[in-house]
*Asks:* 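Can you keep this structure in mind? I'll have questions shortly.
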2 protein chains.
Amino acid sequence: MNLSPLNERFVLHFGEMGSRWGVNRTVGQIYALLFISPKPLNADEIVEQLGMSRSNVSMGMKELQSWRLVKMVHLAGDRRDYFETPKDVWEIFRTLAEEKRRREIEPTLSLLRDALLDTPANENERHAQARMREMHDLVELASGWFDEVHRLSPETLENLMKLGAKVQKVLGFADKLRGNKDD
Amino acid sequence: MNLSPLNERFVLHFGEMGSRWGVNRTVGQIYALLFISPKPLNADEIVEQLGMSRSNVSMGMKELQSWRLVKMVHLAGDRRDYFETPKDVWEIFRTLAEEKRRREIEPTLSLLRDALLDTPANENERHAQARMREMHDLVELASGWFDEVHRLSPETLENLMKLGAKVQKVLGFADKLRGNKDD
DNA sequence: TACAATTTTCAATAATTACTGAAAATACAA
DNA sequence: TTGTATTTTCAGTAATTATTGAAAATTGTA
């Protein structure tokens, strides 16, 4: 690996964490490298800096693009594809949340919706279905809430988070709003 | 697999999704089975219903317990270990969020904190470190915000989510609170 | 068009992770 | 204690996933 010590540490860490986040080691490394790179990189530069095969980089880029975590750019007078990560970390955060939701939450919500349409065949299934309904309602609620929050601008979202210890107070106000349906 | 159709569908789905959520297929299946079960199950009952080996169940239970997603209980006059999932879906949600944070976020936060203490050796590292700082600040902010929300009771949390479209309005109020430091 | 540069695909294989059966360990009861 | 029920461990194997090199496909240029 052809990187300065600080950068190598960062890249290796993302490689290791990759598996916990649902991507393989090399994809994690590629993303990390692009994230800290001051300029877009082409595939050969990635090969050179990370010491993996050209084909591996090609597949990794495809995966990262499917997550919308990197975008392809082109430099004047250069045929090669260059890649960069979005600059704004808030944007990255939101993209990641969106994709995770689409891949990890939606399929389950969909299954639960289906399952709730079934007529339970016996007492055992009746109980199971009741549990599925509890899960469905929670996931749907959290999911809808996420949609709302997700629509906020980065600045608003940042403000919301910076609220910190004030969240409790906001909720007092929230309860008032809830009572006021046509507001 | 020795389950009624509705239940089998649910169990199989959780098995498939397991890999996206960071556990293997059998662990996903065991959890799903326990979630919909009207009473605690012992290891042999799980073996019988899911058709996997006894040792696999044993390892699966250990993993699920490490996630705090199942707890062991005992029945009067029965030496065997029984397992059940917490009943309250909100509690499950919070536990999951806590564990995910501990396993997926904290290690990265820790690496970033370390990396930011280093003195960059050159311009390349200086830029990389600036990017790491952006990431660090975002993760720390989101993480602290999560702590706050996490402390709320299930009811309050539910109310917060049900707010839905009112979130924007709450934020108007939030901004006022922010200006009022000693409130 | 023909050529060169570049990217993608894919079959082979390497590496990792999951699963099992058998043996060992543990916990309890007589 | 000793014996029995139960759980855990772990080495071997199966299954899955990741990685590579070589070939094919694509893209742009002369």
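All figures in this text were calculated on a predicted structure; none of them were measured in a lab. Proteins get letters first, then strands, A, B, ... in listed order; numbering begins at 1 in each.
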*Asks:* I need the full list of salt bridge (charged side-chain N to carboxylate O under 4.0 Å, His left out) pairs touching residues 109-121 of chain B, with sequence neighbours left out, sorted by first then second residue.
*Replies:* A:R9-B:D118, B:E106-B:R113, B:R113-B:E140
*Asks:* Using the salt bridge (charged side-chain N to carboxylate O under 4.0 Å, His left out) rule, collect all pairs that involve residues 47-66 of chain B, keeping only residues at least two apart or in two chains.
*Replies:* B:D44-B:R54
*Asks:* List the residues meeting side-chain contact (heavy atoms from CB on, under 4.5 Å) with A:L96, not counting sequence neighbours, and say none if there are none.
*Replies:* A:W67, A:L69
*Asks:* Send over the distance from B:N56 CG to C:dA22 P, rounded to a whole Å.
*Replies:* 16 Å
*Asks:* Using whole Å, report how far CD1 of A:I46 lies from P of C:dT6.
*Replies:*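 For the pair A:I46 CD1 and C:dT6 P, the rounded distance is 15 Å.
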*Asks:* Is the side chain of B:Q49 donor-acceptor paired with the backbone N or O of B:L3 at a distance under 3.5 Å, no angle test?
*Replies:*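 No; zero donor-acceptor contacts below 3.5 Å.
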*Asks:* Based on Watson-Crick and G-U pairs with both distances under 3.5 Å, what dot-bracket line describes DNA chain C 5' to 3', crossing pairs as [ ] and inter-strand pairs as |?
*Replies:* ||||||||||||||||||||||||||||||
*Asks:* Just to verify, what does B:E123 make a salt bridge (charged side-chain N to carboxylate O under 4.0 Å, His left out) with, not counting sequence neighbours?
*Replies:* B:R126
*Asks:* Do any N or O atoms of the protein come closer than 3.5 Å to N or O atoms of nucleotides 7-9 of chain D, and which pairs are they?
*Replies:*
from, atom 1, to, atom 2, distance (Å)
D:dT7, OP1, B:D81, N, 2.8
D:dT7, OP2, B:R54, NH2, 2.7
D:dT7, O5', B:R54, NH2, 3.3
D:dT8, OP2, B:S58, OG, 3.1
D:dT9, OP2, B:K62, NZ, 2.8

*Asks:* Let's see if you get this right: which residues in residues 7-29 of chain B place a heavy atom under 4.0 Å from DNA chain D?
*Replies:*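 Nothing qualifies; none.
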*Asks:* Got a sec, which hydrophobics cluster with A:V73, joining ILVMFWY side chains under 4.5 Å apart, including via others?
*Replies:* A:L75, A:Y82
*Asks:* Which pairs count as salt bridge (charged side-chain N to carboxylate O under 4.0 Å, His left out) when at least one residue sits in residues 65-79 of chain A, sequence neighbours excluded?
*Replies:*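 Counting only pairs at least two positions apart or across chains, the salt bridge (charged side-chain N to carboxylate O under 4.0 Å, His left out) contacts touching residues 65-79 of chain A are A:R68-A:E98, A:R68-A:E99, A:D78-A:R80.
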*Asks:* Applying ring-ring contact (aromatic ring centres under 6.0 Å, His included) as the test, list every pair that has at least one member in residues 7-42 of chain B; sequence neighbours left out.
*Replies:*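 Found B:F10-B:F14, B:F14-B:W21.
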*Asks:* With sequence neighbours excluded, tell me which residues meet ring pair (Phe, Tyr, Trp, His ring centres under 6.0 Å) with B:H150.
*Replies:*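 Result, ring pair (Phe, Tyr, Trp, His ring centres under 6.0 Å) vs B:H150: B:F146.
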*Asks:* Show which residues join B:L117 in its hydrophobic cluster (side-chain heavy-atom contacts under 4.5 Å, direct or indirect), or state none.
*Replies:*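 Cluster partners of B:L117: none, it stands alone.
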